[in-house]
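Reviewing the structure listed below.
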Amino acid sequence: MLDRHLRARPDDYLPVFLDALAARGAYHWSAVFGDFTDDFYVLDCPGCAVEVTVAIGGYGRYAAVRDWDLGDCDRRDLRPASPETLSGTGRWMYETAVRDGRETLADGIRHLFGRAECPRCAGVFCVADEYAAANRPVLDRW
């Protein structure tokens, strides 16, 4: 039913898209995913543990170390995933956005599931994997 509603390209597209993510079990993405006009994801670099801010939106598509006084320092451009390499939830998100004519959303998803370079140690990592690992909710089993 949610997919049918998305295909109709409703005005409330993003909330319905988030509901569809939750229905697919991607609770962490349904809680934090935005429209990529001004999205920021904060995570620790898996190589050196420095806090990295990843921006995907109107301010750019980059990874940086955020400084209170200086802002985002030493920005490194994100490396978007190619559509062919996407799988699972990322592939569903991308294909749904493309199908429904949501170019900004589709481009943001490619960057979210792409790679970032840590400004401190130059280690390269998948943004979505690191964010999901740090923010996936623990579900109790009864």
Side-chain angles (χ1 to χ4, degrees), residues 1-68 71-142:
M1 182 176 2
L2 291 169
D3 191 57
R4 242 183 319 191
H5 190 60
L6 288 173
R7 287 176 189 265
R9 300 180 181 185
D11 290 338
D12 63 343
Y13 187 89
L14 187 61
V16 176
F17 189 86
L18 298 177
D19 290 343
L21 279 169
R24 294 177 61 84
Y27 308 110
H28 59 289
W29 291 125
S30 70
V32 301
F33 194 75
D35 62 1
F36 297 118
T37 56
D38 190 21
D39 288 8
F40 292 91
Y41 300 89
V42 179
L43 46 95
D44 293 334
C45 169
C48 69
V50 70
E51 187 175 272
V52 177
T53 299
V54 174
I56 305 173
Y59 291 103
R61 290 163 175 77
Y62 61 86
V65 174
R66 186 161 278 177
D67 180 272
W68 181 262
D72 292 340
C73 302
D74 197 12
R75 293 181 181 192
R76 307 284 173 99
D77 289 340
L78 296 180
R79 304 170 191 175
S82 66
E84 304 81 40
T85 63
L86 293 170
S87 63
T89 299
R91 182 178 206 92
W92 177 87
M93 292 164 67
Y94 176 77
E95 288 178 350
T96 301
V98 168
R99 176 197 74 195
D100 298 339
R102 302 290 173 151
E103 292 83 16
T104 300
L105 190 62
D107 184 61
I109 292 165
R110 287 186 54 230
H111 283 84
L112 180 64
F113 284 86
R115 302 224 172 265
E117 179 181 345
C118 175
R120 182 80 34 91
C121 73
V124 177
F125 55 90
C126 177
V127 175
D129 289 349
E130 292 304 315
Y131 191 85
N135 294 284
R136 183 165 290 145
V138 177
L139 300 175
D140 290 333
R141 295 186 184 241
W142 294 89

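- The two residues Ala22 and Tyr27 make their nearest non-hydrogen contact at O-CE2, 3.4 Å.
- Looking at heavy atoms from C-beta onward, Met93 lies in side-chain contact with Phe33 at the 4.5 angstrom threshold.
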For side chain to side chain contact (heavy atoms under 4.5 Å, CB included), just list the numbers for Leu14 and Arg102, CA-CA rounded to whole Å, side-chain angles, deciding distance to a tenth of an Å, and then say yes or no.
-> CA-CA 10 Å; Leu14 187 61; Arg102 302 290 173 151; over 6 Å; no

Audit row: Leu112, Phe36, side chain to side chain contact (heavy atoms under 4.5 Å, CB included) steps and yes/no = CA-CA 10 Å; Leu112 180 64; Phe36 297 118; 4.2 Å; yes

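- Annotation for Ala26 and Thr89: closest pair CB-CG2, 4.0 Å, computed over non-hydrogen atoms.
- The OG1 atom of Thr53 lies 8.0 Å from the OH atom of Tyr62; values are rounded to the nearest 0.5 Å.
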Could you go step by step and tell me if Glu95 and Leu86 meet the side chain to side chain contact (heavy atoms under 4.5 Å, CB included) rule?
-> CA-CA 10 Å; Glu95 288 178 350; Leu86 293 170; over 6 Å; no

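- Atom-to-atom distance recorded for Asp38:CG and Ile56:CD1 is 11.5 Å, nearest 0.5 angstrom.
- Side-chain contact between Pro80 and Asp107: absent, with no pair of heavy atoms (C-beta onward) separated by less than 4.5 Å.
- The neighbour count for Asp67 CG, taken as heavy atoms of other residues, nucleotides or ligands under 6.0 Å away, is above 12.
- Proximity of Val124 to Arg79: side-chain heavy atoms (C-beta onward) are separated by under 4.5 Å at one or more points.
- Between Phe40 and Ala55, the closest heavy-atom pair is CE2-CB, 3.4 Å.
- Annotation: side chain of Val54 is not in contact with side chain of His111 (no heavy-atom distance under 4.5 Å).
- Separating the CG atom in Leu105 from the CZ atom in Phe17 is a distance of 5.0 Å, to the nearest 0.5 Å.
- Taking the side chain as every heavy atom from C-beta outward, Phe125 and Leu43 approach each other to under 4.5 Å.
- Summarising the geometry, atom CZ belonging to Arg9 is positioned 8.5 Å from atom CZ belonging to Arg99; distances are rounded to the nearest 0.5 Å.
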Before giving the answer on salt bridge (Lys or Arg N to Asp or Glu O under 4.0 Å), spell out for Asp74 and Arg76 the whole-Å C-alpha distance, their side-chain angles and the decisive distance to 0.1 Å.
-> CA-CA 6 Å; Asp74 197 12; Arg76 307 284 173 99; 3.0 Å; yes

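- When all heavy atoms are compared, the tightest approach of Ala116 to Leu78 is CB-CD2, 3.6 Å.
- Two residues are said to be in side-chain contact when any heavy atoms from C-beta on lie closer than 4.5 Å; Glu51 and Val42 meet this criterion.
- Closest non-hydrogen pair, Phe113 versus Gly90, comes out as CZ-CA, 3.6 Å.
- In this structure, CZ on Arg7 lies 8.0 Å from OG1 on Thr96, to the nearest 0.5 angstrom.
- When all heavy atoms of Asp72 and Ala64 are compared, the pair lying nearest together is CB-CB, 3.6 Å.
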From CA spacing to verdict: side chain to side chain contact (heavy atoms under 4.5 Å, CB included), Val50, Cys118 | CA-CA 8 Å; Val50 70; Cys118 175; 3.5 Å; yes

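- Relative ring orientation between Tyr41 and Trp29 is described as perpendicular, the plane-to-plane angle rising above 60° on a 0-90° scale split at 30° and 60°.
- Residue Arg120 qualifies as open at atom CZ: its count of foreign heavy atoms under 6.0 Å is 12 or below.
- The structure places CZ of Arg110 at 8.5 Å from OG1 of Thr85, a figure rounded to the nearest 0.5 Å.
- Atom OH of Tyr59 has 12 or fewer neighbouring heavy atoms from other residues, nucleotides or ligands inside a 6.0 Å radius.
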